[in-house]
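Okay, structure first, notes after.
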There are 2 protein chains.
Amino acid sequence: MNERAAGPEITKLIELIARLPGLGPRSARRVALYLLKRQDSLMQPLADALAEAAARIEACRICGNFDTLQPCAVCQAEGRDEGLICVVEDVPDLWALERAQAFRGRYHVLGGVLSAIDGIGPEELNIASLIQRAQNGEVREVILALNATLDGQTTAHYVADQLEPLGIRVTRLAHGVPVGGELDHLDDGTLAAALRSRR
Amino acid sequence: MNERAAGPEITKLIELIARLPGLGPRSARRVALYLLKRQDSLMQPLADALAEAAARIEACRICGNFDTLQPCAVCQAEGRDEGLICVVEDVPDLWALERAQAFRGRYHVLGGVLSAIDGIGPEELNIASLIQRAQNGEVREVILALNATLDGQTTAHYVADQLEPLGIRVTRLAHGVPVGGELDHLDDGTLAAALRSRR
């Protein structure tokens, strides 16, 4: 924008908002205007929440979940089955499974899936740390709860191959996950059913 | 979310993001994850930009534009025609006109349009302050650059009726603005043409 019609502060704010996924320059302007009209009720609280999250939240060194605790609350929680690790593509999948309240083991967040197109190989994902966790003697089953997409299933095959020599039971979510669908879209009942009848 | 799978800080952040226009709970989770993976490069700068904007930006007491200056940079700028006021519905329309670089007068932001459905009457808009500005003796023309929507044109009629007794020339943007379209969508050339052939 020229002549500081919007001022450098607003221009910068709009540019940052436009970098968020699903937002372009136009929707970023709309969001900025919406915030400017709600400076006390939304803009400042959002600034505080972002600053607090940026300062205090980090990836769990064990499972990769995001939390202010290190290790994360799920890894620290007592009464969860140490012998069961549920492998997910990313953190929102972990959130979805926790919302479903159907799993009481631990998690492992890969941080993505293998993708030849995007140039994502095994070393870009948290696979080595999963193998390491699986070798500690306590783990008896790894559930591969990856999305039912082509890349997700390719990744599941790869991880299963890596785990096979360890003699650990490797299972997958049962039918119930729609083909081509993503975990984070599913209702809690479907997720719970898929967990119960894992194969 | 239950069991603090996402933690109270992340849950609060997602709730605040979900209040932004065009974002729901799912897209808010996606945005939050995107930010958590870019804490230094995007999350903290966005927090800073929001905090600075919330603290320093306010509505111009003359025209209603948002700026850190009071009055705003456009109202303070020298060499702009004091006799010409361009009335717009909201601040992004002012930004769009400034980007087009086709107008060298002053602005007046109504802050919305009359709407029976939304219960927005003349007292909800910055119309009284416009009449006051128009009475200062210097103003010789008011351009009603309102959106070519039903509510926008209803508002234009109302404002024109209020200005009529003052003997000030009241004009509107020329044909060139697509019927049913909104100012903020237009390309600069169309906006410039519509300004030149105002009637």
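Residue numbers start from 1 in every chain, and the chains themselves are labelled A, B, ... in the order their sequence lines are given, proteins ahead of strands. Every value quoted in this text rests on a predicted model; they were computed, and no experiment measured them. These numbers come from the heavy atoms of this one structure, side chains and all, not from hydrogens, waters or symmetry mates.
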Quiz prompt | Atom CD of B:Glu123 with >12 non-hydrogen neighbours under 6.0 angstrom | solution =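 Atom CD in B:Glu123 is crowded, with more than 12 foreign heavy atoms closer than 6.0 Å.
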Quiz item: Would you find more than 12 non-hydrogen atoms of other residues, nucleotides or ligands less than 6.0 Å from A:Asn136 atom CG?
Solution: yes
Exercise. Using a strict 4.0 Å threshold on nitrogen-to-oxygen distance, state whether A:Lys37 and B:Asp90 make a salt bridge.
Key: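 Salt bridge between A:Lys37 and B:Asp90, a charged N being under 4.0 Å from a carboxylate O: yes.
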Quiz prompt | Heavy-atom side-chain contact between A:Ile14 and B:Trp95 under 4.5 Å | solution =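 Result yes, sub-4.5 Å side-chain heavy-atom pair found.
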At their closest point, which heavy atom of [X] faces which heavy atom of [Y], and how far apart are they?
| X | Y | value |
| --- | --- | --- |
| A:Phe66 | B:Leu33 | CE1-CD1, 3.8 Å |
| A:Ala51 | B:Ala47 | N-CB, 3.6 Å |
| A:Ala53 | B:Met43 | CB-CE, 3.4 Å |

Within one Ile-Leu-Val-Met-Phe-Trp-Tyr cluster: [X] and [Y], side-chain cutoff 4.5 Å:
| X | Y | value |
| --- | --- | --- |
| B:Val142 | B:Leu166 | yes |
| B:Ile62 | B:Leu97 | no |
| A:Val113 | A:Ile120 | no |

Practice problem: From the options B:Leu16, B:Leu13, B:Leu50, select the one residue that forms a side-chain contact (heavy atoms from CB on, under 4.5 Å) with A:Pro45. | Solution: B:Leu16
Quiz item: Which residue out of A:Glu52, A:Lys12, A:Arg19, A:Arg26 racks up the most heavy-atom pairs below 4.5 Å with chain B?
Solution: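 With the most close heavy-atom pairs to chain B, the winner is A:Arg26.
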Practice problem: Report the option among A:Leu23, A:Leu20, A:Ile57 that has the most heavy-atom pairs separated by less than 4.5 Å from atoms of chain B. | Solution: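 Highest number of heavy-atom pairs under 4.5 Å: A:Ile57.
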Quiz prompt | B:Leu35 portion near chain A, given a 4.5 angstrom heavy-atom threshold | solution = side chain
Self-check item: Region of A:Arg56 that comes under 4.5 Å of a non-hydrogen atom in chain B
Solution: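 For A:Arg56, the side chain is the part near chain B, not the backbone.
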Quiz item: Hey, what do you get for CD (B:Glu58) to CD (A:Gln39), rounding to the nearest 0.5 Å?
Solution: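 Taking CD in B:Glu58 and CD in A:Gln39, the distance rounds to 8.0 Å.
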